[in-house]
Amino acid sequence: MNPVPQVEAILDHYPDARREHLIPILQEVQEHLGFLSRDAMEQIGDRLSLPVSKVYGVATFYNQFRFQPRGRTHCQVCRGTACHVKGSAAVLEALKQKLKIEPGQTTRDGQYSLEVVACIGACGLSPVIAINGEFYAGVTPDSVGTILRQYDRGAKHDSDDH
Amino acid sequence: MIATTTSRPASPATGAKGPGAFRAHEVEAMLCGRRDRLGEEEQQEREQRLALLRRDVVVRPTVFVGAGTCGLGAGAGRTLQAVRDYVEHKQLDADVVEVGCIGMCSAEPLLDVQTPGRTRLCFAHATADRAEGLLDAVLAGELPEAEILGQFRSESLEPWPDVPFLDEHPFFAPQTRWVLANCGLLDPRSIDEYLARGGYRALAQALHLMTRIELCDAVEASGLRGRGGGGFPTGRKWRIALNTPGYQKYLICNADEGDPGAFMDRAVIEGDPHRLVEGLSIAAYAIGATKAYVYIRAEYPQAIERLAEAIRQARAYGLIGENVLGSGSNMEIIIKQGAGAFVCGEETALINSIEGRRGMPRPRPPYPAVSGLFGKPTVINNVETLANLPALVAGGPEAFRSVGTESSKGTKVFALSGKVQRTGLVEVAMGTSVREIVFDIGGGPPEGKAFKAAQIGGPSGGCIPTCHLDIEVDYDSLKTVGAMMGSGGLVVMDEDNCMVDVAKFFMDFIQRESCGKCIPCREGTRHMLESLESITRSHRNGSGDQALGRLKGVMYLNRLAEVIQDTSLCGLGQSAPNPVLSTLRWFREEYEAHVFERRCPAGVCTQLLHYRIIPELCKGCTLCAKRCPADAIRGAPKSPHYIVEEKCIACGSCVQACRLNAIVAE
């Protein structure tokens with residue numbers, strides 16, 4: 001195990017860490033590293049006196065945790081009911097074909113990652129996708145390409161305010 | 001999020017004294033009706049300040065932008081920036097306020113303007129490029145060309161001529177807004193505005209004038225039932241927890257809105273977070289809990305941020321913390337971020353998740369009200385249930401009972417979405433018909449399409465067909481048609497939607513979200529999904545035996561569903577077959593068309609389509625043949641191609657490949 005310094009720093013925020021802090025710690029680690037590495041999980045288990053299997057068991061149970069690094073452009077496709085009846089399956093299909101990856105994966109160059117989320121909560125604007133946290137409403141399979149183009153080669157970095 | 005760029009803070013009186021407009025002891029005196037030694041002048045000055053905070057009057061033009069998550073998705077962020085640039089550029093003496101969502105998502109981004117002495121105007125589709133023209137006109141006292149949704153009613157202000165009132169708008173007129181009363185009207189980041197509108201009075205009333213038992217009695221007498229889906233009487237749940245001895249009790253607010261197609265909780269927390277904080281405090285006092293957890297989805301960053309801010313402000317005013325309002329009660333609110341699991345909406349699974357375990361349900365009894373979080377008595381209430389409390393306590397149980405039906409009292413918030421003209425957040429009195437919600441409020445399906453069904457209650461609910469549209473919204477009457485109230489998602493489907501596909505969508509969701517603890521749910525839902533998939537898949541080359549197998553699968557769907565319902569441990573499993581059962585019950589002919597005729601009446605299940613190349617249009621470019629994964633397209637280059645029916649797997653990729661639109665699906 002190679003201790004990850006960032007994880008060490010996060011764990012130091014929880015001096016009397018107990019089992020109930022496991023999920024918040026995992027969330028914080030993922031926020032900083034972008035994903036949960038094996039080393040990070042071993043380190044967390046060590047500190048909480050939990051077997052790594054338990055840590056891994058909890059992490060794999062929840063949809064939020066990923067075990068592969070995120071791409072620089074992270075695409076989330078909403079698959080809520082409202083989005084489904086307005087055609088989000090076709091949007092997801094178009095994204096899969098464009099990026100040539102399945103949901104949960106990252107492109108080999110690390111540029112794009114794709115994720116399916118249960119519901120973003122913007123059902124009035126369906127179908128919705130979110131790219132790096134920015135929402136796009138009323139997306140169609142055709143408009144996916146136009147939206148992605150803005151992010152090509154990191155052309156759009158932190159230029160927006162939300 | 002976005003920093004305030006205007007020259008002065010958003011709320012007019014902010015900044016004078018610490019975090020808000022008042023001092024903590026002033027707030028306490030105001031809420032408890034205690035006389036503070038104020039002269040007449042000071043009293044008047046405070047009244048003025050409150051009127052300003054309520055926006056009964058404004059001293060300078062005020063622009064409100066609806067910047068909830070849904071608004072931001074529609075471009076409210078850019079509108080907000082445009083408005084701020086406008087104010088800065090013209091060096092105007094104006095306020096720019098970010099408000100929550102008023103509920104009409106289809107008209108977003110929404111922008112309101114209120115000029116001194118006149119009523120507040122609400123504009124729809126106010127995108128960034130329209131903001132300047134719109135503000136130019138209104139500030140000059142004219143009505144702009146923009147799409148006006150309406151004006152707010154006010155006794156004391158001069159109305160704009162020929163502008164309809166917002167409460168007469170078809171979207172708002174049939175609504176009874178209790179929980180959403182403040183959403184979209186006040187600045188969710190300002191506790192002062194909430195106080196000015198009568199906020200936290202109910203908490204003070206509960207703490208000082210009512211005992212815990214009286215409070216439980218009042219809530220039970222009001223007939224309030226849990227708004228999260230189950231519909232258990234809230235007062236009774238509280239009483240069990242109150243009567244269970246224990247030195248530590250917990251209150252949990254379930255804001256893990258995992259139901260796809262529902263966004264009520266998000267909108268309430270984003271638009272009016274203090275209402276939830278007040279409701280939480282009242283409920284915690286009633287059961288004798290000093291610690292409350294809010295279990296909220298991590299997918300709702302704005303709601304989390306607003307709630308955290310609201311808790312900070314309430315603490316600064318002494319409304320939570322130690323010795324709240326001098327009553328001797330303590331109150332602590334902790335935000336827990338959910339990590340994304342639908343099953344965590346189930347009470348015991350949620351408790352496991354807070355304890356840092358896999359979110360799997362436990363057998364009940366013991367019920368959480370007896371032994372819940374860390375083994376202590378715990379009450380779990382939904383966001384909407386808690387948000388009902390301030391008005392309920394302030395107005396008394398009788399007023400609450402006066403609205404609703406025999407078994408369901410009060411109002412219910414629905415997230416109306418799908419194929420309707422006006423989508424958004426709708427709050428109606430219990431007993432309103434589904435037809436009224438879909439057609440009067442929502443305006444019916446767009447483009448004159450025919451209504452097919454309304455899906456209510458999410459993955460645990462069912463569909464309401466046209467013949468039952470007049471059914472009342474009520475916990476019990478909805479069950480008679482195989483649906484349930486659920487948390488409040490209401491998705492409308494029109495003739496273009498295939499009900500088998502909808503059932504498949506929900507089974508796919510449930511099957512993925514099943515925690516895997518008990519077998520009927522884990523294996524049963526997967527089998528149901530497989531049966532549904534098999535009838536929507538192309539089987540052109542299948543044998544007669546396979547066809548018989550499919551038919552058997554469909555025939556056994558009903559029985560399998562019953563087994564899952566009877567033998568699953570938790571609510572998720574017990575209600576998992578509902579989407580299939582309800583579509584089977586009302587749309588049997590669609591299933592039959594899929595099974596016997598091998599066609600999808602709505603044309604959604606693409607694999608059941610037959611593909612054909614129109615020879616007159618085909619130039620023989622070979623693109624489709626190269627793309628075809630089954631090698632089913634033949635033909636020499638530069639001459640019309642054809643599809644070998646026996647080989648075609650109906651994936652549809654040839655249609656996408658063809659640039660001449662020469663391939664049609666029938």
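Note on naming: letters A, B, ... go to the chains in the order of the sequence lines (proteins, then strands), and numbering restarts at 1 for each one.
- In terms of non-hydrogen atom pairs under 4.5 Å with chain A, the most contact-rich of B:G340, B:C105, B:P301 is B:G340.
- Salt-bridge annotation for B:D494 and B:K449: absent, with no side-chain N of the basic residue lying under 4.0 Å from a carboxylate O of the acidic one.
- A:N132 places a side-chain N or O within donor-acceptor distance of the main-chain N or O of A:H74, the cut-off being under 3.5 Å.
- For B:N497 and B:K419, the side-chain atoms include at least one donor-acceptor pair closer than 3.5 Å.
- Residue contact with chain A, scored on non-hydrogen atoms closer than 4.5 Å, is absent for B:E257.
- Neither the backbone nor the side chain of A:V128 comes within contact range of chain B, judged by heavy atoms closer than 4.5 Å.
- Within the 4.5 angstrom heavy-atom criterion, atoms from both the backbone and the side chain of B:D501 approach chain A.
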- Message: Under the criterion side chain to side chain contact (heavy atoms under 4.5 Å, CB included), I'd like the reasoning laid out for B:V413 against B:L425: C-alpha separation, chi angles, the key distance, then a yes or no.
- Response: CA-CA 7 Å; B:V413 182; B:L425 213 61; 3.9 Å; yes
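- The existence of a salt bridge linking B:D508 and B:R512 is confirmed by a sub-4.0 Å separation between a basic side-chain nitrogen and an acidic carboxylate oxygen.
- For the options B:S353, B:A267, B:G68, B:P459, heavy-atom pairs under 4.5 Å to chain A are most numerous at B:S353.
- Comparing A:R79, A:K54, A:Q30 by how many heavy-atom pairs each has under 4.5 Å with chain B, the most go to A:R79.
- Interface remark: B:F374 contributes side-chain atoms only to the contact with chain A (heavy atom separation under 4.5 Å).
- If you measure heavy-atom distances from B:A74 to chain A, the contacts under 4.5 Å come from both the backbone and the side chain.
- There is no contact between A:Q76 and chain B, counting heavy-atom distances below 4.5 Å.
- Only the backbone of B:V492 comes within less than 4.5 Å of a heavy atom of chain A; no side-chain atom from C-beta onward does.
- Counting heavy-atom pairs under 4.5 Å between each of B:E355, B:E299, B:M264 and chain A puts B:E355 at the top.
- Salt-bridge annotation for A:D12 and A:R47: present, with a side-chain N of the basic residue lying under 4.0 Å from a carboxylate O of the acidic one.
- Chosen from B:Q455, B:M493, B:Q337, the residue pairing most often with chain A at heavy-atom distances under 4.5 Å is B:Q337.
- Using a 4.5 Å heavy-atom threshold, the side chains of B:E270 and B:R266 count as touching.
- The contact between B:C515 and chain A is made by backbone and side chain atoms together, counting heavy-atom distances below 4.5 Å.
- Between the side chains of A:Q43 and A:E8, at least one donor-acceptor pair of N or O atoms lies under 3.5 Å.
- The choice from A:R19, A:Q97, A:Q64 that makes the most heavy-atom pairs within less than 4.5 Å of chain B is A:R19.
- Using a 4.5 Å cut-off on side-chain heavy atoms (C-beta onward), B:I296 and B:V383 make no contact.
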